[in-house]
Amino acid sequence: MALRAAARHQCGLWGLLSQLSSCSRHGRVSVSPVLVNKRTNSSTPPKISVDFDQSTGVAVMYMQSPPVNSLSLDFLTEFCINVEKLEMDKSCRGLIITSGQPKVFSAGLDIMEMYGKSPERCGEFWKAVQDMWLKLYSSNMVTIAAINGSSPAGGCLMSLTCDYRIMADNPRYSIGLNETQLGIVAPFWFKDTMTNTVGHRTTEISLELGLLYSPSEALKIGLVDQLVPEDQVLATATQNMSKWLTVPDHARQITKSMMRKPTIDKLTSNREADVQNFVSFITKDSIQKSLRMYLEMLKKKRG
Amino acid sequence: MALRAAARHQCGLWGLLSQLSSCSRHGRVSVSPVLVNKRTNSSTPPKISVDFDQSTGVAVMYMQSPPVNSLSLDFLTEFCINVEKLEMDKSCRGLIITSGQPKVFSAGLDIMEMYGKSPERCGEFWKAVQDMWLKLYSSNMVTIAAINGSSPAGGCLMSLTCDYRIMADNPRYSIGLNETQLGIVAPFWFKDTMTNTVGHRTTEISLELGLLYSPSEALKIGLVDQLVPEDQVLATATQNMSKWLTVPDHARQITKSMMRKPTIDKLTSNREADVQNFVSFITKDSIQKSLRMYLEMLKKKRG
Amino acid sequence: MALRAAARHQCGLWGLLSQLSSCSRHGRVSVSPVLVNKRTNSSTPPKISVDFDQSTGVAVMYMQSPPVNSLSLDFLTEFCINVEKLEMDKSCRGLIITSGQPKVFSAGLDIMEMYGKSPERCGEFWKAVQDMWLKLYSSNMVTIAAINGSSPAGGCLMSLTCDYRIMADNPRYSIGLNETQLGIVAPFWFKDTMTNTVGHRTTEISLELGLLYSPSEALKIGLVDQLVPEDQVLATATQNMSKWLTVPDHARQITKSMMRKPTIDKLTSNREADVQNFVSFITKDSIQKSLRMYLEMLKKKRG
């Protein structure tokens with residue numbers, strides 16, 4: 001059922017994988033790269049590139065894990081290390097997250113981390129997903145998502161943790177928590193983050209149907225804050241950041257914490273149970289079978 | 001005060017009773033009636049008629065208790081039995097609720113169940129109202145309200161429990177929790193259900209003033225999801241149901257439960273206190289006097 | 001930082017002080033003054049004037065503390081005494097709050113109550129702010145804010161406690177909880193009141209950025225309910241009040257309490273901690289220094 005649904009809508013959680021796997025990478029020139037990731041391994045290019053402009057106090061983080069910035073364990077680990085570095089750097093006040101890949105912001109959680117893996121490994125993966133959310137949702141930096149491509153599932157979640165969301169006004173892109181369409185379920189803290197953004201009713205219908213929204217629909221329901229032409233997403237994010245940085249940091253930070261603390265506390269006091277819940281769900285035979293069929297379908301498409 | 005207000009607005013909780021009591025019943029032909037209620041008593045026609053199409057897995061439940069589908073104890077009992085039957089039938093995945101009466105979806109709670117009755121009987125009635133809400137709000141089926149007429153008070157509550165609401169675009173119809181206009185108070189779980197749908201502020205002003213909304217107003221505030229011409233309400237509900245049924249059941253059901261469980265738990269852990277609260281309120285001399293005056297006014301109108 | 005931000009936006013919490021301090025007071029003739037405040041001191045004119053029309057059961061409370069109705073300890077004390085008097089008067093069913101000063105509803109908390117004062121005095125002041133909120137937010141009367149001028153910070157809070165908000169449609173006026181712009185933080189019960197009115201996301205962005213909204217923006221996000229030409233604010237409030245008073249008092253009051261009690265309980269069970277929190281924050285050297293610089297800037301502007 002999940003697979004048929006995903007095929008029909010052609011926009012499932014990881015459907016982007018097949019759609020985009022043959023896209024060529026567009027070039028991007030990093031400017032003023034104060035912080036640059038060292039390659040942890042000479043044969044593996046970094047999945048994250050950070051440009052930090054000390055004169056403005058603003059870092060831009062490019063996700064560049066071809067083809068679709070899937071949130072693998074490696075990706076999430078590298079992502080979290082970079083966020084933490086910036087968080088601890090007192091001179092960094094603002095963080096813009098964007099994609100270095102064409103057409104996609106992030107396709108969400110990496111299906112390969114959930115198929116045929118041991119419960120231990122699945123648990124490790126899920127803790128990394130929690131880490132990403134906790135770090136971003138509780139960040140003291142001003143965080144802006146420059147959504148320059150499609151952003152389903154985990155990609156949407158990442159956007160929702162930011163203080164502000166600017167999306168490319170391209171009707172071929174979509175954004176939403178569409179997990180249900182694939183037969184899996186967004187956990188309570190995905191749900192809480194979306195409810196905090198668009199309210200209870202929109203979240204209910206959106207999660208029950210696994211809806212993906214076009215940019216204009218997303219703007220209408222408040223899932224994103226602003227639409228701009230595709231080539232102006234990053235520039236607009238930078239301009240907006242300037243406005244946010246006029247607000248005294250300590251007052252903004254205390255206010256942000258006051259708004260988000262109850263939601264964050266719910267996960268921090270239930271992390272282990274949430275991991276167990278995910279592991280027992282994803283390692284079920286029926287779910288593993290669905291994932292296998294889905295992967296085989298992808299292979300055929302590519303072949 | 002309550003009575004004057006109700007008369008002035010001509011749209012009170014049970015105001016429909018007098019407005020509609022002389023309407024003739026429009027014919028409707030049941031198709032593919034797999035589940036049909038047996039008449040529990042040869043002299044009493046069933047208040048609920050169910051058409052279940054096994055090929056689609058969708059049941060349509062027609063409320064047909066003339067003149068205005070008032071929610072009496074008998075009606076609620078029959079209603080709940082039917083919902084429970086469908087809920088336990090694994091082949092039934094979707095439920096459309098609509099009215100078999102002209103011009104009204106349901107006029108809400110039956111005033112005769114609250115006037116001159118013993119506390120025990122009032123308590124029994126209130127438990128049946130709770131049952132209806134609990135069964136619908138926690139249903140594993142996809143539930144769609146096909147609101148083909150006015151839907152004040154308890155009729156609005158019934159609609160609000162559904163996953164989706166389609167209303168006839170007829171400006172003479174109205175919908176809302178208007179209890180306050182009659183001097184009675186919507187209990188906390190009516191309030192919670194409305195807040196989950198339209199948010200805190202709209203619920204506050206709506207309940208404080210006992211507002212009834214026209215279909216276009218209801219759409220604007222999110223009290224209903226879609227308006228269609230009157231003769232297309234059921235067809236549109238059926239089309240929408242197809243879309244809902246493309247989503248894998250188990251993922252949708254877990255998601256629905258996650259969204260609604262806190263609200264449901266609040267009532268289930270306070271059912272007895274809520275019954276006592278209702279009984280002690282409704283059996284007050286002042287409230288009974290208001291109800292008597294209201295009923296006398298209705299008699300005069302008819303006479 | 002706070003001061004620079006305030007200067008740039010020219011609309012900070014107490015920025016109105018300098019903008020408006022030279023405005024002449026427009027005359028207003030009180031009609032049917034059944035309740036009139038006795039001057040507590042022959043040299044101090046009352047800061048509050050109340051016109052109570054016993055024939056309608058509606059009181060109009062004019063704030064008249066030149067130049068901008070700053071919420072000083074004296075003002076708040078007088079305000080609360082008047083609200084309490086009306087609350088205890090069974091014949092008073094509705095309260096309209098408006099400004100007797102030109103161009104401003106209320107500029108919010110008085111900066112002079114927070115600068116160079118002893119912790120004891122600061123604590124006394126904060127208790128008075130809590131008192132105002134508690135009395136208004138839990139009032140059994142119908143309360144309508146007739147917002148005939150700018151209404152930043154504490155002035156916005158006062159408006160938010162009311163059942164209905166009508167604002168003058170003058171683009172030079174603004175309304176919002178802009179505390180963050182000045183480097184201070186709206187406490188949790190300011191936040192809760194705003195969230196109950198405009199939802200979580202709008203409150204989050206609004207408080208993080210310390211946004212002030214024009215009347216049309218305020219209407220769009222639901223911060224106010226209605227805009228009318230400036231000279232019709234009070235008349236419209238009176239007309240609206242008539243509509244509210246058609247609803248049976250007891251049902252409306254129980255409903256209002258049901259909607260607001262959880263929010264009120266949060267403060268009443270944390271009043272002392274909230275006072276301590278405010279006192280320890282406002283008496284910090286860094287905050288006092290900011291306030292001193294701000295006051296010196298105001299002096300220069302006037303000089």
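A, B, ... follow the sequence lines: proteins, then strands. Residue 1 opens every chain. Worth saying up front: this structure is predicted, and the values here are computed from it rather than measured.
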Worksheet item: Per the side chain to side chain contact (heavy atoms under 4.5 Å, CB included) rule, which among B:Thr180, B:Ile184, B:Leu177 passes with C:Thr255?
Response: B:Thr180
Response to the item:
residues 189-209 of chain B vs chain C, non-hydrogen distance cutoff under 4.5 Å, contacting residues -> B:Lys191, B:Thr195, B:His200, B:Arg201, B:Thr203, B:Glu204, B:Ile205, B:Leu207, B:Glu208, B:Leu209
Worksheet entry | Over 12 foreign heavy atoms within 6.0 Å of CG, B:Asp265 | yes
Item to complete: Let me know if B:Ile287 has heavy atoms under 4.5 Å from chain C in its side chain, its backbone, both or neither.
Response: side chain
Worksheet item: C:His250 and B:Gly183: which non-hydrogen atoms are nearest, and at how many Å?
Response: NE2-O, 2.8 Å
